[in-house]
K.L.:
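Sharing a structure with you now.
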Amino acid sequence: MSTDLGFWVLQMLNALQLSMLLFLLSVGLTVIFGLMHFVNLAHGSLYAFGAYVAASLSGAFGYWGGFVLAPLAVAALGAVLYFTLIRSMRRAGPMAQVLVTFGLIFVAVDATRLIWGDLPMGSAVPKTFEGQLALLGVQYPIYRLFIIGLGLTVLAALTLVLSRTQIGAMIRAGVDNDQMAACLGINVERMFMSVFVLGCALAGLAGAVAAPVLSVTPDMGLQILIPTLIVIVIGGLGSLKGAVVGSLIFGFVQTFGAVLLPTLNSVLIYALLAAVLVIRPEGLLPAKG
Amino acid sequence: MLETRALTKSFGAIHVTKGVNLKLEKGERRVILGPNGAGKTTLFNQLVGEITPNSGSIYLDGQDITAMRVADRARLGLSRSYQKNTLFDGLTIRENLGLSAAVALGRGQGLWSDPLQSPEVVETVREVAAQVDLAPYLDASVNAVSYGIRRQLEVGIALATRPKVILMDEPTSGVGPEMSKGFHRLLKALPRDLTVLIIEHDMDLAFDVADTITVLNYGEVVFDGLPEAARSSQLLKDIYLGAWEDA
Amino acid sequence: MKTTLKTALAGLAISTAMSSAAFAEDIKVGVLLPYSGVFAALAQDIDDGFTLGLETFGADSGATFQLVREDTEVKPPVGLAKTKKLVLQDEVDVLMGVVSSGVLGAIRDTVDGAKVPLIVANAGNDEATGKDCSPYITRISFSNQQVNRPMGQWMVDQGVKRVFTIAPDYAAGRQMIDAFTTAFTAAGGEVIGQDWPAFQKTQDYGPFLANARASGADAVFVFFAGGEAISFVKQYDSFGMKAAMPLYGSGFLTSSLYVNAQGPAAEGVITALHYVPTLDNPENAALVAAFKAKTGRIPSEYAVQGYDSARALIEAVKSGATDRQTLAAALPKVSFTGPRGELKIDPATNNVIQPIHVYETVAGADGLTQKVLATLPAEADPANGCTMPAAIN
Amino acid sequence: MFRHTPLRLTTLGLMAAGSLIYAIIAGFFGLEILAEIAILAILVIALDLVAGFGGMVSLCHGALMGVGAYAFTVAANEAGMTALPAMVLAIALSAAIAFAIGAVCARSIGIYFIMATLAFGQMGYSFVFQSSLFGGDDGLSGAPRLDLSALGIDLTDSRTFAFYAIALVALAYLVAALTLRSGLGRSLVGLHHNEKRLRALGLTVWRAKATAFAISGAIAGLAGCLAAQHTQYISPGLMSWTVSGEALVVVILGGLGTLVGPILGAILFVVLKHEISSITPYWHAIVGLILIAVVMSRANGVFGFIEARIAARTRTRKPTLKEADADA
């Protein structure tokens, strides 16, 4: 440990970077839940799929090719899932949804093994983002700053869309009360599909962005699932603010836990989740009431 | 038997009950009248502890129960039925009544025997089934019987706890006039030592059952007295019927 | 329930060409590998290496080898059930495989109790040839301490005096690092800090890298394997730490199996392992050529472990072993010069004794390759509480 | 509420007879499979008790099983207890921990309950994984088997052990069935259908939930003891959330809230897994597809499907057990 200010700045940036990566992943999941009351355990698998697509396209199309195409590919997969499974499971209750999407995880892991093999893949950081940047007295990897920036951009864009646009108003109405939304003449079905597909695209984007930082392995979706769930449950299912707060809490607890309480680190986040659920059974910032 | 003193509850700036004073004697049958939104159900919710009042106090049999939890009040002999059916769907009517009786007998956490087959529970189920006319349907699933029967079960479950005080929230809500009348006949046949508080919006039926009448409007008690006095009260007609017509 | 019959039939059988059918022995080999799960790639390499080894050396052994493959799924209870199946139902003469130390720990008592020889082709936990050693368990792969211990002295010799260590918080991680630090401090080095990120739960190594950088160490010594190794090496590079604080580690970090996914980030990382595909000896040249011809891949350390397991089995058969009892007695006595160099089995522990190769990952003509910097002499592990019973036959 | 319909009794009888006969004739590997089925069956009985009847869908039952397995092994190996007291202690500890989890999670419902139990389970998993006392990820070996030599029973023999495992399944079933018949069991079913009403009738809801969870935890602990005695080796993998997820899969596959169905599910699952994994290493995908198909079919698992068919044919009363969260 260090008393050096730069050290703590560095750790702050690390925490922020992890938070933003988790935010990209959890925001789609939480908005889908808020709107459709659908629990998609396979969300992590969509992220893995995005990472694989990005990593395998980076050879032919470069980083930016994967950056653009991976979210699109995952969105397309999301649309297929929506029409085959999700739509008919919407009213089936949380347990049936948990189980169907649990089954999907099994299928997804083996599908990635069949398509891309068992060996991990990697992709490179784009040339423009190689190296480090001097910031607040520390040298920090540019690519990580890019992740932070991207997370903030997506957050800003989603906030704008939700608060300023008509579709945003519809989504908010839908989260508050689906019957009311239907009464207002909103095509609920189409809105659900768009939101689901958008959530998938964001998961794909998170995968594409994570690919150069992490290794791309068949079980990466399963590994990220628990952190993502913790984020949205701490934050409160269904709310954008909750996803932000949850991501920040997770990122900071994980990072500073590793620095300050290394022996307890892996238990810490679960203890925090349990504490939140005991005190606020619906999370810190639930979408409703 | 049941008493409230200056019971007040507000949600934000809106008072749903405002300084409500009620006093029921043992065996009294009181009907609460009032237009929609007068705070009748909110009053019930406070009496049984499902919501907490902002101020004021509640006494059951002389004991201050204001801060007591729902289940603890129930165990002291306070029981209620709901305006919207709150049954154990999927179970049979016998099981619904039996569960209620078993819990009230303190056997809801027992591990060693089936309370539904214990003599006390069987006897209670039989008696309550007779009181609310459910004997022919005992083995039917709740899902399989008509709405009217379910309404009777709603009250039956509350009765099966063998309460000292029973609160009924519009027991005949949504039920046709014929059935409604029959139901009031059943109510009148209840033992005289049971203290009954009923929310009712059908005035004729209310006057038929009530020993005393309380009228709530905008959360305040605007009338408290005998049915005859209520019937002739101009104030009651203005407020109650006026609001009724507005609604 | 027809499971029993079907699984028995499902084991693929291969047989090698026989030169003299006159005294042909039929050796039934139970192969225990995690064909599904996170170590599936390792299982494939070991399996390919093993079958190549049988084809290469089996021809003049006078025996045929029938393989019964079972998937351990990297789950100890599954591995145990499959072991019992192979031992009790298929009645195999010898077991081969086991990637994870957890599975090895789970099956140890069963193997020992049933007196079936087991050739360990990967799992490196020190106990297996330490306090939990068995005359029936012969390890042809490596032990966690064996791979890392020699780096302690070597790094001090290179002028590295102060290190920071990082490894995942699980048994293998601790054993690898502890073996290194013990040797390193004994040689006069100083360990100035240690971090143990949660195993398979850590996505971001940033916090640990910041700790390492703040420590002011001369170098960082780490152990990571598989996907974690890729993430770590890339993140280490992205923080620009390689220049000021060179990265050393256990050789699994930059294994030839994973190094291409790490890309340029792995260049300059110096690690030690019992095998790298660029070792310059005729045995290795033969292996690399044959393995490439068979699979199109470069053999990894896992492939060579499978390959040498086959070689050891065949050497034992050639010495006259034919069944469980004789194979168990013969296996610890084998010694040969293979792609890794000269191998023999330590009679005190039944662990392999082999040279360790220090190598640097460098850019080559097609992708990354390994430049061997030093070959450190073979050294037996301390017995660590292993008391091997006297000869078993 | 839980009833022993003729179909259920028949199915139980057939499964008991089938497994006993199989235990007599099976080969060595068959006996392994039988023990594996028994462990899973006990775990899913525990899970069905709370999830199927009480609507408390738990993702920490794998961890509770792990508590039983670890407590048993540590008590026997480190504290030097003999197998029977170690078993009693392990089951009591599982029950106590389950009681605490149940009490803490009593206010959470639906997906929040699932997530809260997931958190507690993973907490235990992470703790054991890193704890040197519990052998970390390498696990612990050397758990003893119950010594019944006084009765002339030798549990080190695989065949005898299989009979013992079947007996423990019967014990777990009996405990679960008796619990469901008890006042607590009746309340549990009532809670699932209408928690608010039961509270208004005077039930201390958190205590009923926690007690039911404790009994379920005790049964899971028994599964853990059996697992530890079977493999005589335990590892943290036992406690991972995916074990709980798989148990939930088995409950659904068999028929939620039927108690008999999940046992059938355990048999099907283990046999299916071995069949498919002997054909392809990609068996997870096939199990996943089967699971999706079963849940999508809206039938209450295999046994629920059979029950519904027979009910429809004989036109007797409708099965009263609905999908766990039909009212969620």
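Chain A is the first sequence line, chain B the second, and so forth, proteins listed ahead of strands; every chain is numbered from 1.
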K.L.:
Can you find a pair of side-chain heavy atoms, one from D/R199 and one from B/R69, that are under 4.5 Å apart?
P.N.:
no
K.L.:
With heavy-atom distances below 4.5 Å as the criterion, would you say the side chains of D/V189 and B/L91 are in contact?
P.N.:
yes
K.L.:
If contact means a heavy atom pair closer than 4.5 Å, which residues of residues 112-135 of chain B contact chain D?
P.N.:
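Listed by number, the contacting residues are B/W112, B/S113, B/D114, B/P115, B/L116, B/Q117.
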K.L.:
For D/F305, is the CZ atom crowded, meaning more than 12 foreign heavy atoms sit under 6.0 Å from it?
P.N.:
no
K.L.:
Heavy-atom count check: over 12 atoms from other residues, nucleotides or ligands less than 6.0 Å from B/L60 CG?
P.N.:
yes
K.L.:
For B/F183, I'd like to know if atom CZ has over 12 heavy atoms of other residues, nucleotides or ligands within 6.0 Å.
P.N.:
yes
K.L.:
Taking non-hydrogen atoms and a cut-off under 4.5 angstrom, which of residues 200-217 of chain D neighbour chain B?
P.N.:
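Contacts with chain B: D/A200, D/L201, D/G202, D/L203, D/T204, D/W206, D/R207, D/A208, D/T211, D/I215.
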K.L.:
Quick check on B/A140 against chain D: is it the side chain, the backbone, both or neither that has a heavy atom closer than 4.5 Å?
P.N.:
neither
K.L.:
With distance as the sole test, does D/N194 use its side chain to make a donor-acceptor pair with the main-chain N or O of B/F88 at under 3.5 Å?
P.N.:
no
K.L.:
Can you tell me how far the CD atom of B/E154 sits from the CZ atom of D/R197, to the nearest 0.5 Å?
P.N.:
4.0 Å
K.L.:
Can you check whether B/Q109's main-chain N or O pairs, donor with acceptor, with D/S187's side chain at less than 3.5 Å?
P.N.:
no
K.L.:
For B/R73, is it the side chain, the backbone, both, or neither that has a heavy atom closer than 4.5 Å to a heavy atom of chain D?
P.N.:
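The answer is neither part of B/R73.
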K.L.:
What's the separation between atom NE2 in D/H193 and atom CG in B/L99, rounded to the nearest 0.5 Å?
P.N.:
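Nearest 0.5 Å value for the NE2-CG distance: 10.5 Å.
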K.L.:
About how many Å separate CG of B/D89 and NE2 of D/H192, when rounded to the nearest 0.5 Å?
P.N.:
11.0 Å
K.L.:
In terms of heavy-atom pairs under 4.5 Å, which option from B/V48, B/D72, B/I157 contacts chain D the most?
P.N.:
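It is B/I157.
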